[in-house]
There are 2 protein chains.
Amino acid sequence: MNDNDLKRAGLSATQPRRLILDLLQQNPEAHLSAEEVYRRLLEQGETVGIATVYRVLGQFEKSNLINRHQFDGTTSVYELNQGKHHDHIICNECGRVVEFIDEEIEQRQRNIAEQQGFHIDSHLLYIFGHCTNPNCRYKP
Amino acid sequence: MNDNDLKRAGLSATQPRRLILDLLQQNPEAHLSAEEVYRRLLEQGETVGIATVYRVLGQFEKSNLINRHQFDGTTSVYELNQGKHHDHIICNECGRVVEFIDEEIEQRQRNIAEQQGFHIDSHLLYIFGHCTNPNCRYKP
DNA sequence: TCAATATTGATAATAAATCCCAAGTATTTT
DNA sequence: AAAATACTTGGGATTTATTATCAATATTGA
């Protein structure tokens, strides 16, 4: 049960919050939009208002239970925060998302920011391309 | 006159396109939203419909005359494409944007993509932080 | 358990961007 | 250069993702 995760985040354990966190914990690799979360709950026979889905995802993001990304310019997707920061490679054709982290890139960023007189709050690195996955719709 | 730039991009030389390209060429360092472009043209006494501004910016982006960015998740901004790729550091407080490029980071990205079986189309790196600019609203 | 407080969910509102289409402008043809 | 054709514009309606409102409901601490 994930009530403890909610408590730790300073959130009371309500049904919608339980369901949404559960769904994300069950799919730790997934990057789901609010609509997708809504639909999946419906499929499970659980009804949570779409407004609540947005609200709860926002709360989870604020308490660092999950991370928000915007791979395309229009829709936010959310994934479970598993502690380890990482960046993303996204296939423009099949949508596959691969996570990676590169300490050298992280270090260079810190250097650059310092050089420019900035203190880093966060960063965001997406690499877009075509993957060679056999399931990929893209045929080279 | 920038009619030639338009021709080269395969776009006929209409008044709105001239005005918008002019504005961006006059401010090569600026990152303007569609609304801002619209407002600045109004200030110049030129009226271009907002729908046209969006349309033309889209066309310019497609023909690589300009680049589109989304520093916050909600609004796109555009800047003149001056050929040289670069990344951005954005101050969360005062909105200042500094451009940089780091060959080491570029190289690491290529390595990582190859390792993961991707062919890179593009990438996007934003560093968000606080700047130490005296004009910055952020007081450390 | 019960009252105080927080949360939910249906719906309305918002904001950015796109679509539609009649009227206007640019380009090509003659 | 005028006529014919093709493309572009602009105003408003529309879409899409998300947020705000608020009465009804659920949660929690005493």
Side-chain angles (χ1 to χ4, degrees), chain A residues 1-23 31-42 44-63 65-79, chain B residues 1-23 31-42 44-63 65-78 95:
Chain A
M1 189 47 56
N2 49 25
D3 285 16
N4 291 332
D5 297 315
L6 291 171
K7 287 279 153 63
R8 229 171 291 126
L11 298 168
S12 58
T14 66
Q15 197 57 4
R17 295 211 266 238
R18 264 192 283 260
L19 289 168
I20 293 172
L21 186 52
D22 236 55
L23 176 60
H31 298 80
L32 302 177
S33 69
E35 282 292 339
E36 281 165 346
V37 168
Y38 176 75
R39 286 208 329 268
R40 293 216 191 181
L41 291 179
L42 274 190
Q44 295 180 194
E46 306 285 358
T47 309
V48 176
I50 187 69
T52 300
V53 172
Y54 275 105
R55 219 173 359 218
V56 167
L57 288 172
Q59 294 162 345
F60 284 3
E61 193 207 358
K62 198 166 295 179
S63 19
L65 285 169
I66 63 178
N67 294 119
R68 176 206 293 242
H69 301 286
Q70 265 195 325
F71 298 138
D72 70 348
T74 61
T75 312
S76 291
V77 295
Y78 302 83
E79 67 172 335
Chain B
M1 189 45 58
N2 50 26
D3 286 15
N4 291 332
D5 296 317
L6 292 171
K7 286 280 154 63
R8 227 172 293 124
L11 297 168
S12 58
T14 67
Q15 196 58 4
R17 296 210 267 237
R18 264 192 284 258
L19 289 167
I20 293 171
L21 185 51
D22 236 56
L23 176 60
H31 297 79
L32 302 176
S33 68
E35 282 293 339
E36 281 164 346
V37 168
Y38 176 75
R39 286 209 327 271
R40 292 215 191 181
L41 292 178
L42 274 189
Q44 294 179 195
E46 307 285 356
T47 309
V48 177
I50 186 69
T52 300
V53 172
Y54 274 105
R55 219 173 0 217
V56 168
L57 289 172
Q59 294 162 345
F60 285 3
E61 194 207 357
K62 198 166 295 180
S63 18
L65 286 168
I66 63 179
N67 293 120
R68 175 206 293 243
H69 301 286
Q70 266 196 324
F71 298 138
D72 70 348
T74 61
T75 311
S76 291
V77 295
Y78 302 82

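Protein chains get the first letters and strands the later ones, always in sequence-line order, with residue 1 at the start of each.
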What's the verdict on side chain to side chain contact (heavy atoms under 4.5 Å, CB included) for A:L41 and A:T47, showing C-alpha distance, side-chain angles and the deciding distance?
CA-CA 6 Å; A:L41 291 179; A:T47 309; over 6 Å; no

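Where the helix from C:dT1-D:dA30 to C:dT30-D:dA1 starts and where it ends, the local axes point in directions that differ by 40°; five pairs per end, rounded to 10°.
In this model, no donor atom of one side chain and acceptor atom of the other lie less than 3.5 Å apart for B:R8 and B:S63.
Looking at heavy-atom distances under 4.0 Å, B:T52 makes contact with a base. Residue contacts for B:T47: at a heavy-atom cut-off of 4.0 Å it reaches the sugar-phosphate backbone alone, with no base atom in range. Nucleic acid contact for B:T74: sugar-phosphate only, since backbone atoms but no base atoms lie under 4.0 Å from a heavy atom of the residue.
With rounding to the nearest 0.5 Å, the separation of CD in B:Q59 from OG1 in B:T52 is 9.0 Å.
Residues B:Y78 and B:I66 come closest through the heavy atom pair CD2-CD1, 3.6 Å. Nearest heavy atom pair, residue A:V53 against residue A:A34, reads CG1-O, 3.5 Å. Taking every heavy atom of both residues into account, B:S33 and B:T75 meet most closely at CB-CG2, 3.8 Å.
Chain B approaches DNA chain D over the interval D:dT8 to D:dG12, counting the first and last nucleotide 5' to 3' with an atom under 4.0 Å from its heavy atoms.
Between B:Y54 and C:dA17 there is a side-chain N or O to OP1 or OP2 distance below 4.0 Å.
For the pair B:R17 CZ and C:dG24 P, the computed distance is 19 Å after rounding to whole Å. Per the geometry, NZ belonging to B:K7 stands 13 Å off C1' belonging to C:dT28, to the nearest Å. Taking atom CG of A:L57 as the reference point, atom C1' of C:dG9 lies 15 Å away to the nearest angstrom. Rounded to whole Å, atom P of C:dT8 lies 11 Å from atom CZ of A:R18. If you take CG of B:D72 and P of C:dA16, they are 9 Å apart, rounded to a whole angstrom. The CG-C1' distance, from B:L6 to C:dT27, rounds to 15 Å in whole Å. As a whole-Å value, the separation of A:L41 CG from C:dT8 C1' is 14 Å. A:E46 has its CD atom 11 Å from the P atom of C:dG9, to the nearest Å.
At a threshold of 4.5 Å between non-hydrogen side-chain atoms, the residues A:R40 and A:V37 do not count as touching. Side-chain contact between B:R17 and B:S12 is present, with at least one heavy-atom pair separated by less than 4.5 Å.
Both B:I50 and A:R55 lie close to DNA chain C; mapped to their nearest nucleotides by heavy-atom distance, the more 5′-ward contact belongs to A:R55.
Only one option out of A:D5, A:L21, A:N67 pairs with A:F60 in a side chain to side chain contact (heavy atoms under 4.5 Å, CB included); it is A:L21.
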